[in-house]
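The next block holds one structure in the form of structure tokens; read it before the comments.
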Amino acid sequence: MIKHIVLFGLDDTMPGNKKAHLTEIKKRLEALTQEIDALKGMQVKFNVNPAENYDFMLIADVEDMDALGVYAGHPSHVSIVKELIAPYKVSRACIDYEY
């Protein structure tokens with residue numbers, strides 16, 4: 001199994017309030033487990049420490065690196081990234097490890 005952990009920092013230019021925007025990201029990303037067979041688990045957690053640069057963390061579980069590619073390229077995932085994350089992304093860090 002592969003654990004895929006990604007941290008995102010977003011700017012404040014999204015329409016509406018940032019907390020509502022993050023909540024929508026969480027709802028839509030976590031729902032992907034119902035759509036993408038390669039995705040075995042998904043959690044999105046918000047950073048509560050305002051002194052840090054990252055706003056949220058995505059934790060995904062997949063069988064292997066091929067499955068990670070399936071998840072990453074799935075149209076539903078790509079849509080969320082293009083609509084809710086990429087336009088506001090200022091930073092990203094990622095690690096993938098086997099467990």
| Spatial distance of atom CG (Leu29) from atom CD1 (Ile25) [nearest 0.5 Å] | 7.0 Å

| query | Cys94 versus His4: any side-chain heavy-atom pair under 4.5 Å? | reply | yes

| message | For His21, give me all partners under ring pair (Phe, Tyr, Trp, His ring centres under 6.0 Å), at least two apart in sequence or on another chain. | response | Tyr88

| Asn17: partners by side chain to side chain donor-acceptor pair (under 3.5 Å), with sequence neighbours left out | none

| remark: Rounding to 0.5 Å, atoms CE (Met42) and NZ (Lys26) come to a distance of 10.5 Å

| Going by the salt bridge (Lys or Arg N to Asp or Glu O under 4.0 Å) test, which pairs reach into residues 8-22, not counting sequence neighbours? | Asp12-Lys18, Lys18-Asp55

| field | Rounded distance [0.5 Å steps], CG in Leu22 versus CG in Asn47 | value | 10.0 Å

| task | Sequence neighbours left out, what passes ring pair (Phe, Tyr, Trp, His ring centres under 6.0 Å) with Tyr54? Give chain and number order. | result | none

| field | Selection residues 86-97 - residue pairs positive for salt bridge (Lys or Arg N to Asp or Glu O under 4.0 Å), sequence neighbours left out | value | none

| What residues, two or more places apart in sequence or in another chain, satisfy salt bridge (Lys or Arg N to Asp or Glu O under 4.0 Å) together with Lys3? | Asp61

| query | Among all residues two or more places apart in sequence or in another chain, which pass the side chain to side chain donor-acceptor pair (under 3.5 Å) test with Gln43? | reply | none

| Should Val70 and Met65 be counted in the same cluster of Ile, Leu, Val, Met, Phe, Trp and Tyr side chains packed under 4.5 Å apart? | no

| Tell me the salt bridge (Lys or Arg N to Asp or Glu O under 4.0 Å) pairs involving residues 67-78, sequence neighbours left out? | none

| side chain to side chain contact (heavy atoms under 4.5 Å, CB included) partners of Glu98, counting only residues at least two apart | Ile2

| What are the two closest heavy atoms between Ala38 and Val62, and how far apart are they? | O-CG1, 3.4 Å

| said: Listing request: all ring pair (Phe, Tyr, Trp, His ring centres under 6.0 Å) pairs with a residue in residues 30-51, at least two apart in sequence or in separate chains. | reply: none

| Shared hydrophobic cluster for Ile80 and Met14 (ILVMFWY, side-chain gaps under 4.5 Å) | yes

| field | Side chains of Arg28 and Leu84 in contact at under 4.5 Å (non-hydrogen atoms) | value | yes

| request: For residues 62-73, pull every pair meeting side chain to side chain donor-acceptor pair (under 3.5 Å), keeping only residues two or more places apart or in separate chains. | output: Tyr71-His77

| Does one hydrophobic cluster hold both Val48 and Phe8, with members joined at side-chain heavy-atom distances below 4.5 Å? | no

| request: Could you state whether Leu58 and Ile95 fall into the same hydrophobic cluster, counting links through intermediate Ile, Leu, Val, Met, Phe, Trp or Tyr residues with side-chain heavy atoms under 4.5 angstrom apart? | output: no

| query | Should Phe56 and Leu39 be regarded as members of a common hydrophobic cluster, given that ILVMFWY residues are connected when their side-chain heavy atoms come within less than 4.5 Å of each other, either directly or indirectly? | reply | yes

| request: Answer whether the closest heavy-atom distance between the side chains of Val90 and Leu10 falls below 4.5 Å. | output: no

| query | Could you give all pairs that pass the side chain to side chain donor-acceptor pair (under 3.5 Å) test and reach residues 31-41, with sequence neighbours left out? | reply | Glu35-Ser76

